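One structure below.
Each chain gets a letter, A, B and so on, in the order its sequence line appears, and its residues count up from 1. Keep in mind it's a predicted model, so treat the numbers as computed, not measured.
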Amino acid sequence: MATWNVNSVKQRMPRLLGWLDERQPDVVCLQETKLADDAFTTLLGGELASRGYETALYGEVQWNGVAILSKVGIEDVVTGVAGAPGFPNPEARAVAATCGGIRIHGLYVPNGREPDSDHYQYKLAWLKALTQVVADGPADQIVCGDMNIAPTDADVFDPAAFAGSTHVTPAERQALADLMAAKGLRDVVRERWPDEQVFSYWDYRAGMFHQNLGMRIDLTLATENVASRVKAAWIDRQARKGTGPSDHAPVIVDLDTAPDGDIGPMIPPPSAPRAKKRPTTLPQNR
DNA sequence: ATGTCCCTGTAACAGGGA
């Protein structure tokens with residue numbers, strides 16, 4: 001499964017379709033689609049259906065917008081977060097569905113803008129309501145998306161550069177910690193890369209991506225049942241390169257098809273045939 | 001520090017959001 005803030009699904013369509021064909025995820029959570037549901041379906045419905053995806057959409061005309069794409073079923077769809085405030089009206093920032101037996105929450109958490117602003121208070125209240133929804137949910141859950149919070153100082157390129165800014169304040173980090181504690185959620189990408197700089201967002205401006213001056217604010221959090229099935233977890237930086245990228249990279253998590261141990265080891269036994277060595281005469285790929 | 005990109009509305013730019 002994967003989560004990706006695409007920053008306009010209309011602008012990102014060629015990149016998104018190519019990426020789906022390349023990575024072939026079973027479930028994808030999209031954020032900042034910036035498209036009403038009827039326009040989303042007109043634009044992408046056929047392309048997604050031909051690839052085997054069903055969709056759960058919660059969009060708006062101009063801002064925000066979230067979606068879940070799934071090849072493994074999409075049941076009990078819920079849009080929005082029960083009990084969450086609007087700003088002042090409800091915004092399209094959350095969609096949940098059960099896909100392949102896992103309750104998936106695809107989220108675009110409010111930005112917060114400035115500490116102690118109305119929008120910042122909205123962000124904290126919204127996260128508190130989300131925490132209750134997740135706490136009331138089943139044992140198999142994934143909470144993912146653009147959380148607009150860097151969990152620790154290791155998740156920003158320079159903590160000093162973020163002094164006085166949102167995304168790193170103690171209150172935001174505490175709200176995230178409370179959300180994780182409510183259901184024992186694990187940050188599966190950080191667990192896989194405990195000592196690496198792994199960013200998911202780089203500002204478009206000033207060559208930030210080129211210099212790897214980014215933040216890790218797109219998270220995949222999993223309950224114990226699901227986290228124990230994780231076989232790989234990474235941020236797909238390739239998708240941030242080249243022409244017409246989003247400012248966010250996708251986060252990809254591979255799950256075993258059954259709880260750990262049920263289908264045997266993933267590493268082939270020594271007797272398994274090895275892949276042929278590549279001939280050394282191939283031209284260098286540069 | 002605000003150099004980019006994306007949206008809408010209104011008209012080939014302004015203003016908001018990230």
Side-chain angles (χ1 to χ4, degrees), chain A residues 3-19 29-44 57-67 84-94 106-124 126-127 144-151 155-169 172-173 175-176 199-219 235 237-251:
Chain A
T3 177
W4 193 7
N5 180 325
V6 291
N7 186 16
S8 169
V9 75
K10 186 188 282 188
Q11 292 303 313
R12 220 59 59 214
M13 187 153 70
R15 296 287 302 238
L16 173 61
L17 294 176
W19 178 83
C29 296
L30 300 176
Q31 300 89 38
E32 286 205 81
T33 57
K34 298 185 177 177
L35 213 52
D37 294 347
D38 53 353
F40 187 110
T41 300
T42 300
L43 180 75
L44 270 163
L57 306 178
Y58 185 26
E60 296 175 22
V61 169
Q62 185 173 9
W63 305 119
N64 311 310
V66 287
F87 194 75
N89 300 312
E91 297 183 309
R93 294 182 176 276
L107 308 172
Y108 177 48
V109 173
N111 174 286
R113 296 182 187 166
E114 300 290 334
D116 300 322
S117 66
D118 288 352
H119 207 263
Y120 181 85
Q121 297 302 330
Y122 166 51
K123 179 180 194 174
L124 295 178
W126 195 95
L127 285 164
C144 69
D146 180 353
M147 306 301 291
N148 269 320
I149 299 172
D155 297 305
V156 297
F157 68 87
D158 178 8
F162 291 89
S165 301
T166 58
H167 296 57
V168 300
T169 66
E172 289 166 278
R173 286 175 171 170
L176 178 63
F199 299 140
S200 67
Y201 163 83
W202 302 260
D203 198 296
Y204 282 124
R205 292 170 286 191
M208 298 286 271
F209 178 70
H210 185 69
Q211 301 170 76
N212 196 28
L213 303 179
M215 315 172 74
R216 191 175 70 97
I217 56 177
D218 301 88
L219 308 179
I235 294 171
R237 293 184 82 254
Q238 286 299 125
R240 181 63 175 79
K241 299 179 181 178
T243 327
S246 170
D247 43 1
H248 296 251
V251 182

ask   = Which whole number of Å gives the distance between the P atom of B:dC6 and that of B:dA12?
value = 23 Å
query = Between A:N7 and A:E32, who's closer to the 5' end of DNA chain B by nearest nucleotide?
reply = A:N7
message = What is the separation between atom CZ on A:R12 and atom C1' on B:dC5, rounded to the nearest whole Å?
response = 8 Å
request  = With heavy atoms under 4.0 Å as the rule, sort A:Y108 into base, sugar-phosphate or nothing.
outcome  = sugar-phosphate
request  = Rounded off to whole Å, could you give me the CD1-to-C1' distance for the A:I149 and B:dA18 pair?
outcome  = 16 Å
key: d(CD, A:E91; P, B:dG17) in whole Å   = 10 Å
ask   = Does any pair with a residue in residues 107-116 of chain A pass side-chain hydrogen bond (donor to acceptor under 3.5 Å, both in side chains), and if so which ones, sequence neighbours excluded?
value = A:E32-A:Y108
ask   = Can you tell me if the side-chain N/O atoms of A:Q62 get under 4.0 Å from OP1 or OP2 in B:dC6?
value = no
query = Looking at A:M147, A:E172, A:R93, which hits side-chain contact (heavy atoms from CB on, under 4.5 Å) with A:V109?
reply = A:M147
query = NE2 of A:H167 versus P of B:dG17: gap in Å, rounded?
reply = 15 Å
note = In whole angstroms, the gap separating C1' of B:dG17 from CZ of A:R205 amounts to 11 Å
request  = Mind calculating the distance between NE2 (A:H248) and C1' (B:dC6) to the nearest angstrom?
outcome  = 12 Å
request  = Provide the distance between the two P atoms, one in B:dC5 and one in B:dT10, to the nearest whole Å.
outcome  = 26 Å
inquiry  = Closest approach to the side chain of A:N111, judged atom by atom: which nucleotide of B:dC6, B:dA18, B:dT8 is it?
reply    = B:dA18
request  = List the steps, then state whether side chain to side chain donor-acceptor pair (under 3.5 Å) holds for A:T169 with A:Y120.
outcome  = CA-CA 10 Å; A:T169 66; A:Y120 181 85; 2.7 Å; yes
message = Can you work out whether A:Y201 or A:Q11 has the more 5'-proximal nearest nucleotide on DNA chain B?
response = A:Q11
inquiry  = Suppose the criterion is salt bridge (Lys or Arg N to Asp or Glu O under 4.0 Å): which pairs have a residue in residues 237-247 of chain A, not counting sequence neighbours?
reply    = none
key: A:D118 CG to B:dG17 P, straight-line distance once rounded to whole Å   = 12 Å
task = Tell me which nucleotide among B:dA18, B:dC6, B:dT2 gets nearest to the side chain of A:H119.
result = B:dA18
task = For A:D203 and B:dT2, give me the distance from atom CG to atom P, rounded to whole Å.
result = 13 Å
remark   = When A:N64, A:T3, A:D146 are each screened for side chain to side chain donor-acceptor pair (under 3.5 Å) with A:Q31, the one that passes is A:T3
request  = Would you tell me if any nitrogen or oxygen in the side chain of A:R113 comes within less than 4.0 Å of OP1 or OP2 on B:dG16?
outcome  = no
